[in-house]
Amino acid sequence: MPSLKPYSTFGLSTSCNTVVSFSSANEFIDAYRKFPVSYIVGGGSNSIFLDDFDGALLVNNIKGISHFDTDSHHYISAGAGENWQALVELCMQNGWYGFENLALIPGSVGAAPIQNIGAYGVEINRFIESVIVTMIDTAEQVRLTPSDCQFGYRDSIFKHQLAGKALITQVNFALPKDYQLVTSYGELAVLISPTALDIYNKVIEVRKNKLPDPEVLGNAGSFFKNPVVSSTQFAKLKSTYTDIPGYTVSENETKVPAAWLIDCIGFKGKSYNDVRCHPTQPLVLTNLGNASGDDVRYMATEIINNVRKTFDIDLEPEVRLIGKRGLEAL
Ligand SMILES: Cc1cc2nc3c(=O)[nH]c(=O)nc-3n(C[C@H](O)[C@H](O)[C@H](O)COP(=O)(O)OP(=O)(O)OC[C@H]3O[C@@H](n4cnc5c(N)ncnc54)[C@H](O)[C@@H]3O)c2cc1C
């Protein structure tokens, strides 16, 4: 039984029935027909295999990057199996700016639209021109526009109607040449008249200081999404917890940092067996070495229950949890 450890940055010692790597849509369809009970993986940085998975792991290795430009835009197409950070680096080296706030996010290009990756005030959907998918049942190739993709906060159609139905094979990006740099967020606000490269370097510096490197300490980034609550509920919370931070999402909704909630219930730095709530970023759970799937389930459930009890807010995992039979909810 092949180990899943090399295919998930959280690094639990679980296994699957077989591992098949594919480098084209046709190879994927062949593999899928042979192993219909399967799970697609890119970099495995958003997937935690809690148990031995009774199916095949299909590893995306579709490569290729191309570029052309017009007076107004740089157009970049990337195979879904390309590494996201390698693409960002290539763009920065060539002066194709826009991705700088999204530097150092682990994983593949193909997974980026799935949860609409975001960091430092920028989400990838603002640069997506189209997403090319192969429908798993029919092998038909389809081009999806950004509005087809229904992007939201860490969300898209690929987590709903198209979940398990489409393989993303290529993502096409359009980077406007007159793009306004986004510098308002967090640590970037201290930069004075920064260039895109300054932002890129700062994002890398801050991320390296704040987030555990999965090569050194197993983790899958933010374990939970930042919850969005009604403005009425937020006002009520604010009257009890005067320092609770909140970001207005719409007239009626406010986003609350999950890290603050987890810190407030006293879980920052807390461990359960070999799963630890990271001391400098409590939104990240780490694998101290020998964590088990049940340790992850226990720790995550404890956090959810305590946040609910204290704030009446339901935390939702941002990570994908895969059990014996496939995706599972907590
Ligand atoms: C240290 C660290 C920091 C992180 N920081 C951020 C951050 O700042 N912002 C952010 O948004 N995310 C962040 N993440 C989460 C993660 O990096 C992103 O979600 C990333 O896009 C996942 O890519 P992946 O290839 O590793 O996904 P995987 O875990 O391999 O896959 C994720 C999901 O997509 C599916 N999938 C993958 N590829 C395809 C495909 N080609 N077609 C169809 N389905 C597919 C998988 O089946 C799975 O359900 C972080 C993670 C880590 C470990």
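Given the structure is predicted, the values throughout are model-derived calculations rather than measurements. Counting starts at 1 for both ligands and their atoms, following the listed order.
For Asn219, heavy-atom contacts with ligand 1 shorter than 4.0 Å involve the backbone as well as the side chain. Counting heavy atoms closer than 4.0 Å to ligand 1, residue Tyr39 contributes side-chain atoms (C-beta onward) but none from N, CA, C or O. Contacts between Ala119 and ligand 1, counted as non-hydrogen atom pairs separated by less than 4.0 Å, involve the side chain only. With a heavy-atom cut-off of 4.0 Å, Ser8 does not touch ligand 1 at all. For Ser222, no heavy-atom contact with ligand 1 is shorter than 4.0 Å. The proximity of Val41 to ligand 1, defined as any non-hydrogen pair under 4.0 Å, involves the side chain as well as the backbone.
Residue Arg207 holds the heavy atom nearest to atom 5 (N) of ligand 1 of all those in Lys159, His278, Arg207. Between atom 35 (C) of ligand 1 and the options Asn101, Asn60, Ile114, Ile136, the minimum heavy-atom separation is to Ile114.
Residues Phe234 and Val228 are members of separate hydrophobic clusters, defined by side-chain heavy-atom contacts under 4.5 angstrom among Ile, Leu, Val, Met, Phe, Trp and Tyr.
Using a 30° and 60° split on the angle between ring planes, Phe49 and Tyr39 fall in the perpendicular class, above 60°.
Aromatic rings of Phe99 and Phe173 (six-membered ring for Trp) have centroids within the 6.0 Å cut-off, being under it. Between Tyr32 and Phe22, a ring centre-to-centre spacing not shorter than 6.0 Å is recorded.
Between Ile168 and ligand 1, at least one N/O pair is under 3.5 Å apart.
Put simply, the side chain of Ser8 never gets that close to the backbone of Lys5: no donor and acceptor are under 3.5 Å apart.
The shortest contact between atom 12 (N) of ligand 1 and any protein heavy atom is with Gln115 NE2, 3.1 Å.
In summary, of the residues considered (Thr70, Asp71, Asp69), a side chain to side chain donor-acceptor pair (under 3.5 Å) with Lys177 occurs for Asp69 alone.
Atom NZ of Lys208 is surrounded by 12 or fewer heavy atoms from other residues, nucleotides or ligands within 6.0 Å.
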